[in-house]
Structure formats: structure tokens, C-alpha cells
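These figures come from a predicted structure and were not determined experimentally.
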Amino acid sequence: MMASLVSTPFTLPTSRAEQLSSLSQKHVFLHRRQNKHHQHQNLRVRATAVTGGGNGLFTQTKPEVRRIVPDKDSSRGLPTVKIVYVVLEAQYQSSLSSAVRVLNRDRRDAAYELVGYLVEELRDDDTYATFRADLKDANVFIGSLIFVEELAQRVKAAVEVERDRLDAVLVFPSMPEVMRLNKLGSFSMSQLGQSKSPFFQLFKRKKNASSAGFADSMLKLVRTLPKVLKYLPSDKAQDARLYILSLQFWLGGSPENLQNFLKMISGSYVPALKGTKIQYSDPVLFLDAGLWHPLAPCMFEDPKEYLNWYGTRRDANEKLKDPNAPVIGLILQRSHIVTGDDSHYVAVIMELEARGAKVMPIFAGGLDFSGPVERYLVDPVTKKPFIHSVVSLTGFALVGGPARQDHPRAIEALTKLDVPYIVALPLVFQTTEEWLNSTLGLHPIQVALQVALPELDGGMEPIVFSGRDPRTGKSHALHKRVEQLCTRAIRWAELKRKSKAEKKLAITVFSFPPDKGNVGTAAYLNVFSSIYSVLKDLKRDGYNVDGLPDTPEALIEEVIHDKEAKFSSPNLNIIYKMSVREYQTLTPYAPALEESWGKPPGNLNSDGENLLVYGKCYGNVMIGVQPTFGYEGDPMRLLFSKSASPHHGFAAYYSYVEKIFGADAVLHFGTHGSLEFMPGKQVGMSDACYPDSLIGNIPNIYYYAANNPSEATIAKRRSYANTISYLTPPAENAGLYKGLKQLAELISSYQSLKDTGRGPQIVSSIVSTARQCNLDKDVEFPCEGEELSAKERDSVVGKVYSKIMEIESRLLPCGLHVIGEPPSAMEAVATLVNIAALNRPEEGIYSLPGILAETVGRDIEDVYKGNDKGVLDDVELLRQITEASRGAISTFVDCTTNKKGQVVDVAEKLGSMLGFGMSEPWVQYLSKTKFIRADREKLRTLFEFLAECLKLIVADNELGGLKQALEGSYVEPGPGGDPIRNPKVLPTGKNIHALDPQSIPTVAALQSAKVVVERLIERQKVDNGGKYPETIALVLWGTDNIKTYGESLAQVLWMVGVRPIADSLGRVNRVEPVSLEELGRPRIDVVVNCSGVFRDLFINQMNLLDRAVKMVAELDEPEEMNFVRKHARQQAEELGVSVREAATRVFSNASGSYSSNVNLAVENSSWNDEKQLQDMYLSRKSFAFDCDTPGVGMRESRKVFEMALGTAEATFQNLDSSEISLTDVSHYFDSDPTNLVQSLRKDKKKPSAYIADTTTANAQVRTLAETVRLDARTKLLNPKWYEGMMKSGYEGVREIEKRLTNTVGWSATSGQVDNWVYEEANETFIKDEEMLKRLLDTNPNSFRKLVQTFLEASGRGYWETSEENLERLRELYSEVEDKIEGIDR
């Protein structure tokens, strides 16, 4: 069965393996066996949940397959030389083994014993012990490419002990601490990084340039130094020369080179061979870089020569001779070619040629491929690329490989090349079988080095194309995967070649949760207006978009038949009816879906006989509706399942797009659909994974919100998407309305009249108005008629003032974004004010509030603290600072725009502002305020930075980025995240990526985390009678940790009292405990629930967290100072396991599954009681990660999870950016365990629930109830917000309904929603007749859901209201039903 997935046999008899290797060196190509197993595709192998084998690690291979011991009889009388080597990848294994076998056959001067280790194997303690034992009697140690810190430490520890005794230690490019082990005679590198010798200066100087430059300069050195050093008399120079020669032999890699290398080293340094004169030849040098083809007579240095040879090939098929054939560039690692481990490269070349594509394979010996890409793939004369798409088969970042990368240099080279850039993956740390059986897919370290880093260069499509034989270590092609890779590379190339008029595009919109009022859902995006804007632009550009209606409204009408469904049209427009037989022919994996969904057509997207594809075609463009996940059919069965599969209608949609409509590309429109969340491996999918089967061969372009890099990354890795970022709507301040506005006026009159006799009277008006606004939950008020002193009056007013200023200044995105309509300059003001509110010490930029506070002799942090406490003077000062910031920035923006409100050239305008001795506009503005003496130098630096930001905010490349992708050009990559924290996210229209997962948490993130943790613990002590919380249950999100560079991750580390330690390359893979003295409090126990997305992106960090908690549980400390240890010991006793196992605290979903699905149950109203929701959470979220057996993936540990949650005294989540708050998305309540913890606690006490809000410079920790109230006041009940939404029409009504549904979600999981929130929402949307009519007319389907949600809130006991309110809602419900069904009463 396995063979049907991988047609290459796993093990080859030795002799056959050697034949293969020697054949491929002679460039005779063995025709591969065509995979004849297509007919078995239906019997898909579902990977089992067991990943690792016996030791729970990722790889079970053992060094014994790399051990060669000389034959006793034949080597009699010869001294034995024992060599131990450690390498990252196995390509040297066969070459070294064959070199040693030849030397032992010759029986000349010595017998050779050889044993090799792959660095990953050293995680296993038994293997590590064998490694140390092997070193004890070894003569020579060789290491190469050791770049994984914890393993580098193990290698260093083992070799250091034996270093002085060993005859030679040779380490080729690796981490500095391993490089320092080098020693050959008098040559040593122990001073690497400090030494003054010119040799080391050569190494050092390159450090700063980039380590790829470092590797390249090392190669140049290798070329020239031996010649120079030959003439230097000293031994030192000779030893250095032999080191450089060794490097040449090693990089040469062929068995002959390695034989001579071993002869040279043993003859020169092994004492037993001192007198013997061992003859060795100089290294056979191959080109450092060039073009290579398995059938060519030689390597080429000139692309023109290569193309001439290619044109004269006799074996080429007809398609290859066609001058219009697509040309694919390949980037190869030289070491695989010279060591003869190249069968996987050959397979890709032959597959491409068999499919009619020409190939230009280039290779390089260093770690920098940017030069070769420019030299060999771009025509030096025309500057146009020779190729239409490029595939890197190295798996590494373009510049720097596994060491230090230089992404800007890579982007520069790829921009010149300007074709789609695909980075495919060879398996490095696992054998083929281990990968196939793994639910995680790729090894996490390989994901960090070979998926995350190439993404920063703009690489896409991480398809695994080759495996590794566990015995010989040789690579072999995985033919099914190679077919997928090559077809997709050719399809991307076609986009470069085809004319615009003939290209077909399938735009796909989402409908989630399934309801006709929800067609075209996407975060922050007005989908139909955006599609309309895209189609108009494509039409102007020459694409065939026939019959496009005149307005976005008409477009909605045609796709949904009739958006208001006033005429009975329960269905969307149907593009195609697919018969069951056609579906089964086009969809080879259809039988695998029957387990979950029965025989096709099923009842989703079907009329009982055919499968239906919904949407509409306009010329060569179709707009299709992606079928839903399928939970509506039988939600409970599926919601509880650990993972499911797509339904027949879902599969039929993609079969139609690819095979009947014949799309050249699919454009998924907005954040986000369900394809990329379908079950399968997390990264590095096989052909049995659903996302891979569904997307098939279609190039996938995906519009994604710029502030959601984590889910965009899932779309890149699991649906091979080129993700193009779009802006979130411009932010505005929430402002004040109704009673809140009245309060502000009362406070202002109190401030001017408080010392007259009217003070007390105004205070009592303030108190009664505040009560009407329900602020009595947030502020303690005096009893009616109580006499207050002047100081107490100030205190009450200060607290109310602080509360309403918090509401007023809260940022909210207004309305929905339309692609291709950047914000106007004035709309950018609120965003700039928030950008200006943050200190950026690394760039020497001070925050504007900080600069202003300084002028009046205050520190802004103190002002924030006073404001939070409600000190009247501080609240007033902060309001003045905020007002002055807004004024100064508006004045500045005003000066850089023209009459139409468009930003004109900022730089020029700024130049004129800063020149001619006129004072700058912001200074002019501030001169009219109390902040006239603000520091002009600091202001100038800040405003120069803001000018840059303004340019980026109003730049518009969202349509440009899409067109580049459609034209088969390279789309520049850029980080995703929060534009306020990281303006580099702008301008949008870039290929969005996350970050290097090993770079977090950063030092700055740890600083911010400490502040939040201390505030959280203080807050909990106040609410908990002065006692420390023993356990906090919290959630980690992928996107948040990308935006904040790991703040919430650092919070967990600081709670348990450990600090992260970065290695010499700045990567965080270690932690150490902080002493109790320094911590100054007990270590708090944690229960960490990671979102499925966090698990996919940051598995290394989960490993770090688990190590941290277990380390702390094993510290010998008093239990009252170490709650982790206290609970772990109790739980260990109860469960009968070790303390280490009981200290399991890091949980998530099973591999390949996402979310607790509580949100889906709430959105579809398909749940009976809260206990059912809690069971759902427990069954889906109780999978633990164990750092001792990382290869096993996520293991179900429900008992430990329940026990740990049962000790929690507080639950905690983070909010990190202004666009997304608690009721904007369902994820937050979906992960909230507040009520669940209460049910698990022995005393049934409800835990406190907190939310940290780091969206502004003044970080806050609020209770969940306070946050829900703040959210309701600033969004759902705020006219500014809901009117902004209503401007977007159909989509806007849905957004309003979504907020109410999410509020019910919070009632269900936490019970922290006040009754007045529902009451006021009912006043706003139902009792206001005019509002009611607008909602009903604009989107009746969503309005029906809104009414249903009010009734549900009452029915479930979350809202107590009058019978007449409920009666009115019931009447409305039946009216809307009739209207939708088209019955006119």
C-alpha cells in the first residue's frame, strides 16, 4: 500500500545502491518506473496519530546504518584510524561510506573505521550515549552544517571533552560555538570571533555583511589561500592550509575527493602513521556555481552555452523543441550533485521535460544563491528572465541557508528575476516512512528553517518532493509529489506566457456561517464592491469580463439571484449541475469522503440527483461560492469529531473550477475560507491530505487581511496560496453619544464651577446620569443623599471622567474596506495618532504624548497611572495631551494634502516645511496650547517618521499586487501584523508572511510582558483578598504573537518565572529559571491553551513552554513559592505518574484540527445547554504537547487537562490590536474556559476572568465583564460604528448581527454579559422603527438571524426583559420569514 504513494522502494541492496550512484555520476539516466498505481488512489492511506516510534522523537534512524568496521583478517598489522562524523543532511553518507570501503579494499597504509550521525538523532539519549562512547577511541571528528542550537550544545559538550586527545577536529560551516572546536596541529579556531590574526579577520569581517556572504568569502578563500599559504614556512600556515584543503575536499564531495581527504588527514595527524608517506591527490574541483543537466557532457558557466547545448539535444521530445514551451528554472544544492546524491533532482528534471517544459537547473556551492540567480537566469543584454517560473529544490532561504539570512538581498535578486518563486522541500530530518506516518507532517525544525525562512523571501508552495532511504541515506523522488510540484510550476509559468484575453479566473467567495444573508463574508472587507472594483480594473487591462453589470449591487443581485430574496428564491444562482458519475470521474478521492458523508450527492450543495455549483460567469471570469464546511447537516456529530473531511459538494466545486471551467488561477476573496483548514498534515502534505487534493493543480491567489499573518500562513502552507494583503478599514476614535456625551458636558461644567456653591449639585447630576448609562458597574458611587467632601467629589468625577475618556478614545475600524480604495489622508489621522503614541527606542523615536508630558514636567507613565486611578487633574491632563496630539497631527496631514484630500508628495512638502526658517505646522499648532515648549528636535524626528508612515498608509498596491500574481510576476513579500506597531506592514498588496518562529519572544516583548503579568497578578490579589493566584488559565493566539513578537508567549514564561535565552544567531531555543529572589513572588502555575494556528506556526515555542513548566516543576523549592511544583506533585500522586508527566500544561487541538467549535455551535444555535459546549471544548482542546517526545505530536491527555483547569483561579486572554476586539470575532469566546473551570473546580467557585489590552501605549488589565461593556459601548451600541457599517449596505447588516451573536457566545462561555447590553441593543435596533426598516430592507436574511438571536438570548436565560418586547420579536420573526419566502400578506 505504501508503495502506491511512493513508487521508489525504501531500501536497495548495497550493490544496487552503488550502481545507481555511479550511474548517475556518469550521467546515464535510469528511466524511472512510471507509477502504475493511479487506480489505487481511492484507497487513501490515512496517517495514524502515532508519529514517532519507540522514543517519541521525529526520527528513529540509528547511526548503525552508517557504521563501517574494517575486516579483522584483511587489515592485520595495519593501524586503525577511527572517524566519527555529524552532519545535518544525509547526502554525504553514501559518498563517505564508499570512500572508506575503497580505502579498506586497498589495504595500503591503514584500516579505516567510520561511523556517522545525523544531528537530529542526537536528541535521543541512547544515541547520544553511543556518540560519546564512539568519540572516546576516535582519531578524527568531522562536523558540518550544525545549526540547531540545542543539538549544537550537545555536540560541543561531547567533543570538548575529547578535543585535546583527538588527532584532528574538522568542523565546516556551523554555529560559532561548534566552529571553535576546530583543531589541526597548531591551527585552531578556539578564538573565533576574538582573534586578531588576519585569517580570522577574513572570517569576522563578513559577519556583519551576512553569513551567506561569509560562506561565499569562505569559498573564495578556499580558492586562493592554499596557493598563498604554500609559500609560508611556519607549521601554523601549513596547518591552516590543510584545513582549507580539507574544506575543498569536503565541498568537492565525490567519493574520490573524500578518499584523498581521509588519506591527507590521517597521514598528517594520526601519530601511528607519522613515518608513513601517504600519497594523496589534490582536490578535484567542480565549478562553485553554474548550470547542470544530468544528460549534459559537462557543467556550464554561461547560460547561452547551456541553451545552445539544450537546443541541439537529440533525445528531446517534440514539445521541448517548441520555441513557445514554458521554461522552468531550478535551484540546486551543489553538494547533492558532487556527492552523486542527485536522483531526486534528476526525477524533477525528467518530469518537467516529459510535461513539455524546458529546464534550466542552476547550482551553487555556498549558501548564497542570489548571485547565480542573477547571473544564469536573467539575460545580461535584455535584462529579461530566460525562464517563466523558478523552483528551488534546496529548501533553504535564497541567501544564507540555515545560518544567518539576508532577506533584502534575496528579494532584490528575485525582483530582478520577476517570476513566481516556489520552494519545494527535500525531507531532511525524517525518513519517507516517518513523514508519511506523521500527523504533523514536517519536522518542526525543518518547518522553521525550510518553510518559514523561505517565506520571508516570497517563496511559496512548500511541497515535499523527495524522501530519504533510512539505510543508505540517499534521497529518492516521491513521484506523486514530484508530479504535483512540476504541474503546479508549469501552471504558474503559463500565467507568464498566456495573453490576458485568454486567461480564465475563478473568483471564490465564502459564505460563513451558512445563510443566504452571509454570501461574501470576509474580515473587514466589502466583498462585492471589492470584486466589482477588481473586475472593472481587469476589464480595462484587457481581460475578458463579459456582461459585467453596472453596479456592485447589481452584481450581488446576479450572484445571489436577488440579494433581498424578496421573490421566493431560496437558492443562489447555479453555474453548473454535475452528475454523480461525472463527479466520481473528476474527483479521484471521492470515495474517501463517504466515511463522513455517505454516498454522493448527499444533501449539501445538491438537488438530490446532481451536485450544484453556485455562482455566475462573466466572460472568462467566474464568481463562485465556496461550499460551507458542512456542519449545518448534523452539527453535533461533526462538531465533536477530532477531525472530519470535506463533503461531496465541496469537492465537486473544486473539481468544476479546475477540470470543467478550466481556471488558470483561483482568487480566494478575503479572510477566510475553509479549504486550508481541512484535515491533513499540518505542513508538508502528502497526496492523502485534503487541502492538497482540493486545490489540485490550480495556482491559488488569496486576498488576505494584512493584520492576520498567522491564518494567511496556514493558507500559504496548506493551500499553496500566494497571499496578497489588503488594508483593514481606517480607524476612528469611538467618540461619545447620548448619555455619555451629556456626562462629558456635565464634567466640563463641574471643572469650571466646582469651587462655587454648585459643585455638589453638579456631582449628583453626574452620578444619576452615570447610573442611567450603566456606569455603576464600572465605578463605585456614593449612596443617595450622602454628603461628600471636595476631595471625594473630585475623586468620583475623576473616575467617571477616566471611564468616558477611555470610551471616547477607543479606536474602531469604521465601515468596511474596498480593494483599490486606499484611505484618504484625513482618514489616516487616527492611525497616525496611535503610531505616534508608541516609543520606538531602537529607532530613536520618542512618543508624542511623552514629548508633550515632558514640557509640563511630567513623565507620561505617571500620567497614565494617575488617569487609571481616576485622579481628576491627571485625567484632564491626559485629555489635553490627547487633544494636542490629534490637533498637531491633523495640522501636519492637512499641509501635505491637496484640495481633493489626496496626499501629494510628502517628502517635498516636508522639505519646504523644514526649510526657510518657517516654523513647522505642528510647532505652530502647539504654540497655541500649554505645550508650547515641546522639544523641537524630538518632534522633527517623530514627524519625519510619521511622514513616511502617511505615504505608506495611502499608497495603493492591492490591485497591483493581484495583477502581478495573475501575470506570473514575483509579488514582493512583506510582514503581516498591526500597522500601528509595525508600519512595515504597509503598503498592502504584498505577499504576506509571518516571522522566523525562532526569533520570538524578543527582548522588548519580554519587557512588555513583565508589565502585563505584574498588573494582572496585582489586580487578581485585589479581587482575591490579597492572595496570589495559584493557577492562571490562558490562551495563546498565532496572530497576536506575530504582531507583538511573542508578548503573550513571554507572559507565560514570566508567570512560571523563567527567561528565554537567545543563541549566537539570535534564535530562542532555550530557557533558564529566574531565582525566587529576583522574581519577588511565587511561581504561578499555568494552563496554556494554544490555538490550532499557534500550534502550526510555533511548535518550537510550544516545546519551549513545555520545557519551561517541567523545569520549574522539578526545582527543589518550597511549595508555597512554587505553585507549579505544588500542583504537579498533588496530581502525580493522584494519577500515579511522575511529577514531570503530571506537569503537562501546554494543550491544543489534535494535529490538523482547529478551534473548539463552540463558536460554530453558537453561530448555528445548535446546542442544548452549556454542559454540551463544555464537553465539546474538552474533547477538542485536550491534546497535550510533550517536549520529551516531540515526534508524537499532540497526545490526548484529558484527565491532566481537567485536573489542571480545576486549580485555575483566573482565566486570561490578550487583546493586541484595535481592529479586533472580543465581540468582533468568535475565536475569543470559542477559547474561553471561564464557566468550564467553574464546573471543574472542587469548590465550584467561578474564576476571575481578565483581559489584557495592549492596543494603546497605556496597557490595561480589565475584567472580562468590563471589557465586554467597553466593547458594547464603543461598537454595538455606538451610532458612529453601526452607521459606518450601514454605509456598506448588505454586508454591514451582517456585521451588526455578528456582534450580537458573539455577545451571546460570551454569555454562554463566561456569563459575564450584563442584562442592559441586550436591553439597549433591543432599544437601538428593534424599537427604533426607522432603524428596523433599514435593516430589514437591506439584508432580510441577516435581520432574521438578529431577531432569532434576541429570542435565543432570552430563551437561554441571558436576557431578562418585558413580555411585550418578546412578543414584538416573535411577530417580527414571522413577518421576516414570510418576506423571505415571498408570501405577501
Side-chain angles (χ1 to χ4, degrees), residues 524 728-749 751 766 769-770 772-775 778-779 799-816 823-837 848-849 867 875-876 878-891 893-894 980 1215 1217-1224 1253 1255-1258 1260 1262 1266-1288 1292 1295-1296 1299 1316-1317 1320-1321 1323-1325 1328 1331:
Y524 322 108
T728 47
E732 285 182 40
N733 297 101
L736 298 173
Y737 54 93
K738 298 184 186 158
L740 295 170
K741 202 167 184 173
Q742 230 175 314
L743 267 176
E745 287 155 9
L746 282 168
I747 291 172
S748 150
S749 56
Q751 283 182 298
I766 288 177
T769 313
Q772 281 161 12
C773 295
N774 302 295
L775 285 173
D778 301 283
V779 179
K799 285 182 176 138
V800 175
Y801 197 6
S802 162
K803 209 73 213 163
I804 62 174
M805 289 324 292
E806 171 179 72
I807 295 168
E808 190 280 335
S809 63
R810 188 117 176 125
L811 272 196
L812 29 117
C814 275
L816 297 168
S824 70
M826 281 334 253
E827 284 174 328
V829 168
T831 309
L832 285 175
V833 170
N834 278 275
I835 290 177
L848 187 50
N867 171 73
V875 182
E876 176 59 20
L878 186 59
R879 187 192 63 78
Q880 292 167 347
I881 288 176
T882 309
E883 213 160 277
S885 301
R886 288 179 194 168
I889 288 173
S890 305
T891 312
V893 171
D894 208 29
I980 290 172
L1215 288 179
S1217 75
S1218 52
E1219 304 101 34
I1220 312 181
S1221 191
L1222 291 187
T1223 55
D1224 293 328
D1253 175 347
T1255 56
T1256 62
N1258 182 15
Q1260 300 283 340
R1262 302 188 182 92
E1266 285 166 358
T1267 313
V1268 171
R1269 289 196 287 270
L1270 179 62
D1271 232 33
R1273 286 180 176 125
T1274 50
K1275 296 218 166 119
L1276 188 62
L1277 307 173
N1278 182 357
K1280 192 170 188 177
W1281 181 82
Y1282 59 70
E1283 289 300 343
M1285 282 303 165
M1286 292 299 288
K1287 279 194 197 111
S1288 302
E1295 292 292 325
I1296 293 170
R1299 298 301 181 294
W1316 66 263
V1317 174
E1320 299 231 336
E1323 292 277 328
T1324 307
F1325 301 111
D1328 177 339
M1331 186 63 175

When rounded to the nearest 0.5 angstrom, what distance separates CZ in Arg879 from CD1 in Ile804? 10.0 Å

Ignoring hydrogens and angles, tell me if any N or O in the side chain of Thr1256 forms a donor-acceptor pair with the backbone of Asn1258 under 3.5 Å. yes

For the pair Gln880 and Glu883, evaluate side-chain contact (heavy atoms from CB on, under 4.5 Å) and give the outcome as yes or no after the intermediate values. CA-CA 5 Å; Gln880 292 167 347; Glu883 213 160 277; 5.6 Å; no

Sub-3.5 Å donor-acceptor pair from the side chain of Ser748 to the main-chain atoms of Ala744, do we have one? no

What closest approach, in Å, do Val833 and Ile889 show between heavy atoms, and which atom pair accounts for it? CA-CD1, 3.6 Å

Distance, nearest 0.5 Å, that separates CG of Leu832 from OG of Ser885: 12.0 Å

Should Thr1274 and Glu808 count as side-chain neighbours, where that means a heavy-atom distance under 4.5 Å? no

Evaluate the criterion side-chain contact (heavy atoms from CB on, under 4.5 Å) for residue pair Arg1273 and Tyr737; output intermediate values, then yes/no. CA-CA 10 Å; Arg1273 286 180 176 125; Tyr737 54 93; 4.0 Å; yes

Got a second to check how far Ile766's CD1 is from Ser749's OG, nearest 0.5 Å? 6.5 Å

Is a side-chain N or O of Asp1224 found less than 3.5 angstrom from the main chain of Ser1221, in a donor-acceptor match? yes

Is any side-chain N of the basic residue among Asp1253 and Arg810 closer than 4.0 Å to the acidic one's carboxylate O? yes

About how many Å separate CG of Leu1215 and CG of Leu1222, when rounded to the nearest 0.5 Å? 5.0 Å

Step by step, work out the side-chain contact (heavy atoms from CB on, under 4.5 Å) result for Thr1255 and Leu811. CA-CA 9 Å; Thr1255 56; Leu811 272 196; over 6 Å; no

Residue set satisfying side chain to side chain contact (heavy atoms under 4.5 Å, CB included) with Glu1295, at least two apart, ordered chain then number -> Leu816, Met1285, Lys1298, Arg1299

Work out which heavy atom in Pro1279 is nearest to a heavy atom in Leu1277; give both atom names and the distance. CD-O, 3.4 Å

Using the test salt bridge (charged side-chain N to carboxylate O under 4.0 Å, His left out), find all partners of Glu1283 that sit at least two apart in sequence or belong to another chain. Arg1334

Could you tell me whether Glu806 and Lys799 make a salt bridge, using a distance below 4.0 angstrom between a side-chain N and a carboxylate O? no

Give, for atom CG of Asn867 and atom CE of Met805, the distance between the pair rounded to the nearest 0.5 Å. 9.0 Å

Would Asp1271 and Arg1262 pass as an ion pair if we require N to O under 4.0 Å? no

Stepwise side-chain contact (heavy atoms from CB on, under 4.5 Å) test for Thr1223 and Leu1276: CA-CA 9 Å; Thr1223 55; Leu1276 188 62; over 6 Å; no

So which atom in Tyr801 and which in Glu876 form the shortest heavy-atom distance, rounded to 0.1 Å? OH-OE1, 2.6 Å

Not counting sequence neighbours, list each pair that qualifies as a salt bridge (Lys or Arg N to Asp or Glu O under 4.0 Å) and has a residue in residues 730-743. Glu732-Lys1280

Taking all heavy atoms of Pro813 and all of Lys1275, pick out the closest pair and write down the distance. CD-CE, 4.2 Å

With side chains defined as the heavy atoms from C-beta onward, is the minimum distance between Asp778 and Leu775 less than 4.5 Å? yes

Gap between atom CG of Leu740 and atom CD of Gln772 - 0.5 Å precision: 11.0 Å

Can you name the closest pair of heavy atoms from Asn733 and Arg886 and give their distance? ND2-NH2, 3.3 Å

For a quick test of reading the model, state the closest non-hydrogen atom pair linking Tyr1282 to Met1331 and the distance between them. CD1-CE, 3.7 Å

Are any non-hydrogen side-chain atoms of Leu812 and Asn1278 less than 4.5 angstrom apart? yes

